[in-house]
Amino acid sequence: MSEWDIAVERTINNNVPRVHKILSQYPYIQDLARELRKAKLEVINNLEYFTQQALESVKKIGGNAYYVSSLYEAREIVGKIVGKDKIVVMGKSMVAYELGLREYLKELGNQVWETDLGEFLIQLANEPPSHIIAPAIHMTKERVVKLLRERLGVEVSDNATHEELVAIVRKFLREKFVNADVGITGANAVAADTGSVILVENEGNIRMSTVLPNIHIAVAGVEKIVPTFYHALIEATVQAAYAGLYPPTYINLTSGPSSTGDIEMKRVSPAHGPKEFHLVLVDNGRVEVSKDDVIKEALLCIRCGRCHLHCPVYRALGVEWGRPPFTGPMGAMWSYVVHKDTRPATLCTHSGNCKEVCPMGINIPKVLEKIKWLDNDKEHNKA
Ligand code: SF4
């Protein structure tokens, strides 16, 4: 068996039964998922309106908000806010990966550290992520032992436990968190009515990245906008459950820079947390796709990663299927959304498992079929 086969089998055995258990133990989650689908569809059908509302709401609570249409603009804005010679800690963010932010900020002369454990491991290994919520699932524990030994220069026994490996990374990153100038995260959802950003996590790295540095920058695709604060909370709940991590250890909510109302109940800013909050809302292909009646469904994805583990093609191809970080069935859709790459869709065998397990009820095979037709048209026009 290859390293990939071993690692993915272990992941499936750990994750799939857990999601089933969560859904039967907390039956309200499936109702919330249906409610969330409706709310997200409303945003996708009125993307311009909700984007505008979200931008204004962030400004009302003392934050800075930007809408960018391309990845180049996004990088430029983030680069200007960060500057150079800074220590940057990053929470796992697919959109940051999509934008190539880590490399870009390093080129500007900054020290940039991924703080999500899986993302940190692939940063050390200089490899692309293989799964949207567990970017290092292609690595076995044995490989992690070797990697930490080689790249961090620390003693790690061959028989180190999972807990011991996590402790090594914890120790290494602690000093980075404390000294960081800027924290960059993605967003699970952005509430249009309040300008709040919600992030769900388990490690505590997002909590530290959003609170310890003086500046917090959240970078999110426009499809992450939901109508209200209430829907943002639902998205965090549903995402965590379908990712098999419910209840999540932390749900982080950021509404502008830190503040206090403790003297005469007058709300002033900053307090102990960041002095500055910036939200960068990114189009990069999403707006165009929102106008296609079939493919727009891809924008409903809440990045739970469930479709991956039920897909025979992903099991066979892993990170080779799609354009990282967009792998698996969702990645075949998103390789098109962001890169207009039709090729990953052509590898879909239409087993249909993904559609059955998707919390957003996305008809993934139908979306991929439409993208296949576009690929067909492209080939036809070339001939
Ligand atoms: S397409 Fe559906 S199942 Fe797959 S990651 Fe997105 S929300 Fe989850």
Side-chain angles (χ1 to χ4, degrees), residues 8 11-12 15-16 18-20 22-23 29-30 32-41 43-44 92-95 97-98 118 129-135 137 186-189 198 200 220-221 223-226 231-232 234-246 248 286 289-290 294-315 317-319 321-338 344-345 347-371:
V8 82
T11 304
I12 288 170
N15 180 276
V16 171
R18 212 166 50 208
V19 178
H20 284 298
I22 289 166
L23 296 181
I29 285 168
Q30 295 186 55
L32 290 177
R34 280 188 282 272
E35 192 177 346
L36 182 62
R37 178 185 158 92
K38 272 195 215 141
K40 286 179 77 72
L41 256 186
V43 172
I44 290 163
K92 179 160 66 64
S93 158
M94 288 182 77
V95 73
Y97 193 94
E98 171 190 332
S130 48
H131 185 271
I132 55 176
I133 57 165
I137 61 162
N188 284 95
I198 207 155
V200 58
E223 83 286 0
K224 291 295 175 73
I225 301 170
V226 289
H231 295 109
I234 294 184
E235 181 144 352
T237 306
V238 174
Q239 196 278 347
Y242 282 84
L245 301 163
Y246 191 82
R286 292 155 170 89
V289 160
S290 74
V294 176
I295 306 177
K296 74 178 178 189
E297 289 258 321
L299 302 178
L300 295 170
C301 173
I302 57 167
R303 317 287 198 246
C304 70
R306 199 175 181 215
C307 53
H308 294 67
L309 303 183
H310 290 265
C311 172
V313 180
Y314 178 71
R315 278 194 74 147
L317 298 180
V319 72
W321 189 27
R323 292 247 210 142
F326 305 117
T327 58
M330 75 70 66
M333 297 191 293
W334 273 80
S335 296
Y336 179 77
V337 174
V338 167
L347 298 176
C348 171
T349 57
H350 293 266
S351 75
N353 296 353
C354 51
K355 179 185 160 200
E356 297 304 317
V357 298
C358 175
M360 289 295 95
I362 302 173
N363 192 337
I364 302 170
K366 192 171 168 200
V367 172
L368 296 181
E369 190 181 16
K370 172 95 189 254
I371 299 172

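Indexing begins at 1, ligand by ligand and atom by atom, following the structure's order.
Panel detail: atom 4 (Fe) of ligand 1 has protein N, O or S atoms under 2.8 Å away, 1 in number.
Contact annotation: the side chain of Ile198 never approaches that of Glu235 to less than 4.5 Å [non-hydrogen atoms, C-beta and beyond].
Applying the salt bridge (charged side-chain N to carboxylate O under 4.0 Å, His left out) rule to Arg18 yields no partners; only residues at least two apart in sequence or on another chain are considered. A search for side-chain contact (heavy atoms from CB on, under 4.5 Å) contacts involving Val19 returns Asn15, Leu23, Arg306, not counting sequence neighbours.
Listed by first and then second residue, the side chain to side chain donor-acceptor pair (under 3.5 Å) pairs that reach into residues 356-369 come to none, sequence neighbours excluded.
Contact between Val294 and Lys370 at its shortest, heavy atoms only, is CG1-CB, 3.9 Å. The minimum heavy-atom distance linking Ala241 with Ile29 is given by the pair CB-CD1, 3.5 Å.
Ranking protein heavy atoms by distance to atom 7 (S) of ligand 1, first place goes to Ile302 N, 3.4 Å.
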